[in-house]
Amino acid sequence: MPITSTILDVARTRPNQLAILGAFDQVLTYADLVEDSRRMYTAVDALHAEQEDPPTPAPETQGIPITAVSLTSAYETSRIIAGLAGFRAVSATIDPRWPLSHQVGVIVTTGIGVVISGSTELAEALASANWTGTVITAAEFHAWEAAIDLAETAPPTVRDDAEPFLMLFSSGTTSNPKAFIKTRRQYRDNVAVSSAHLAPFPGVATLAPGPVSYSLTLYAVIESLATGGSVHVADEFDPFTMGARIAHEDITRIVAVPAVVRAIAEAARRSPERFRGLDLVVTGGANLPASIRSSLGEVLPDTRLISYYGAAEIGFIGDSRDGDGTWITVYDTIGAEVRGDDGVPLPDGEIGTLWIKAAACSYGYVTGTTDAQLQGPDGWASVGDQGRIENGLLQLAGRAGDIAITGGHKVSLPEVERAFETFSPVGSEGDGEVAGDGGSARDRQPRLGEVCAIALPDESLGSIVALVIEPDSAESASDDVPRQSGIPDKAELLAHARAQLAPQFVPRRFYALDRLPRTVGGKIRRAETVELIMSGLGVRL
């Protein structure tokens, strides 16, 4: 369902229907959104038009100028992206937490013409790069909008299917994010899939906390407006305030990353009455940790949990709703194959590269941002995810860099990590006695923090599997106790691995690392973890 046609229809039939809500008095009804968008586009168009030597937008935009938003305000970002949707405009969201060099790189390379940002540092860096576009703060942009006479503006319209709509970026888990374009047809096809499976129904109040630069949050905004719902945004998930918002604003659906789902479960355990109105929690990313699923189920047994799998470049692919969450049901309109290095489909159960056929898939990456290919000549696409298919169900094994070849066996490193979600040190289930320092023996039991499985080079086997552990923060509260004292015994770790994993999956080495390297979005960087261990910065257990 097209976003603009729905916005216009709801604004006409139910003008007071809430569209976008932020904190405090940040509220737009559908009627407000339509009126707001008229001044907004007029301001953006004027900003592009006044440039003497405007940047040349990437050819994939078909000559349409690109406007980027790089703000920490989820409400402002949502307002601008939604407002420009009904006009000849290509929008982009740039995470202000990206390294400055990368922000400058994508802006210059893709030919973005206007950047709405409060960063003086970014403006100075773009000027030093001889970029000829315009940087404007949110406050300055509001002033431009306020000065425009509504009578001199044009209303939003339903745009052509083939017109470019959004410039998005890959997650950057394994490399710097790559840019790609979504046409309006591709986004409409994506909405059709999510509407059929993820329940963004008309009138539903959806909470989507987190930066709108995340594709998950951005899509939650788009799909809510495309289906006539209300989207409640927040710059971050604060369990103390979000619980009150969920109760007071009658929110029944949440779309959030797994870390937020974990926080919801913890907050609901303390104040369950605030969360009992939740009907559905939707989270992105495959292989949702079993601990998160069980925690939410224990405290909110009537709340459904769907963990979907998709790629921003391709769209929604499938989801998992029960069990341990590792087996994914592929949606009936999506094609999925696991292929070997030669491009030939593999038999059931074998790990290979996942290829997808989906109407919502982008055509390719934006020129100059990467040499990677998205689609093959047959129209099937891959972002490099590895997996296996058995009995029609899909199980992911990570990206190409997440597969280790050891002794001729393919080992999924994420599968090794999942095995340690259930690790419990010997004696940690006992109640313990109160110790002399005021803490119980149970409280002082070693706990496993975040883990990262890696492949290390080995002369005889090609590579071996190792597990790198980031100690739980609670284990290092005392300055006079080494952080590694919180690491469980190696023998216990090895015994657990042998009980949970096939022999070739069992780590041969264990390391402790004070802090695992992460992306700005919090995902662990596996390649950088290998570099740290190879440099001798980890402590071998």
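- Ion pairing of Asp402 with Arg526 is present here, as a side-chain N (NZ or NE/NH1/NH2) and a carboxylate O approach within less than 4.0 Å.
- A salt bridge does not link Glu421 with Arg293: none of the charged nitrogens is closer than 4.0 Å to a carboxylate oxygen.
- Atom CD of Glu121 has 12 or fewer heavy atoms from other residues, nucleotides or ligands within 6.0 Å.
- Using a 3.5 Å distance cut-off with no hydrogens or angles, the side chains of Glu140 and Thr137 do pair a donor with an acceptor.
- Counted by atom type alone, Tyr75 and Asp235 present zero donor-acceptor pairs between their side chains at under 3.5 Å.
- Between the side chains of Gln17 and Ser230, at least one donor N or O lies within less than 3.5 Å of an accepting N or O.
- With salt bridges taken as basic N to acidic carboxylate O contacts below 4.0 Å, none links Arg38 and Glu35.
- Classification of Lys178 and Glu313 as a salt-bridged pair fails, no side-chain N sitting under 4.0 Å from a carboxylate O.
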Anything under 3.5 Å between a donor and an acceptor, one on a side chain of residues 240-252, the other on a protein residue two or more places apart or in another chain? List them.
residue : atom : partner : partner atom : Å
Thr241  : OG1  : Asp238  : O            : 3.3
Thr241  : OG1  : Asp238  : OD2          : 3.4
Arg245  : NE   : Glu249  : OE1          : 3.4
Arg245  : NE   : Glu249  : OE2          : 3.3
Arg245  : NH1  : Val233  : O            : 3.0
Arg245  : NH2  : Gly22   : O            : 3.4
Arg245  : NH2  : Glu249  : OE1          : 3.4
His248  : ND1  : Ala244  : O            : 3.3
Glu249  : OE1  : His232  : ND1          : 2.5

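- The aromatic rings of His496 and Phe423 sit perpendicular, their planes meeting at an angle over 60°, well past the 30° parallel limit.
- Inspection of the Tyr219 and Ser194 side chains reveals an N or O donor paired with an N or O acceptor under 3.5 Å.
- Using modelled atom types and a 3.5 Å distance limit, the side chains of Asp95 and Tyr214 yield no donor-acceptor pair.
- No donor-acceptor contact under 3.5 angstrom links the side chains of Thr6 and Asp9, judged on distance only.
- Nearest heavy atom pair, residue Tyr30 against residue Ala11, reads O-CB, 3.7 Å.
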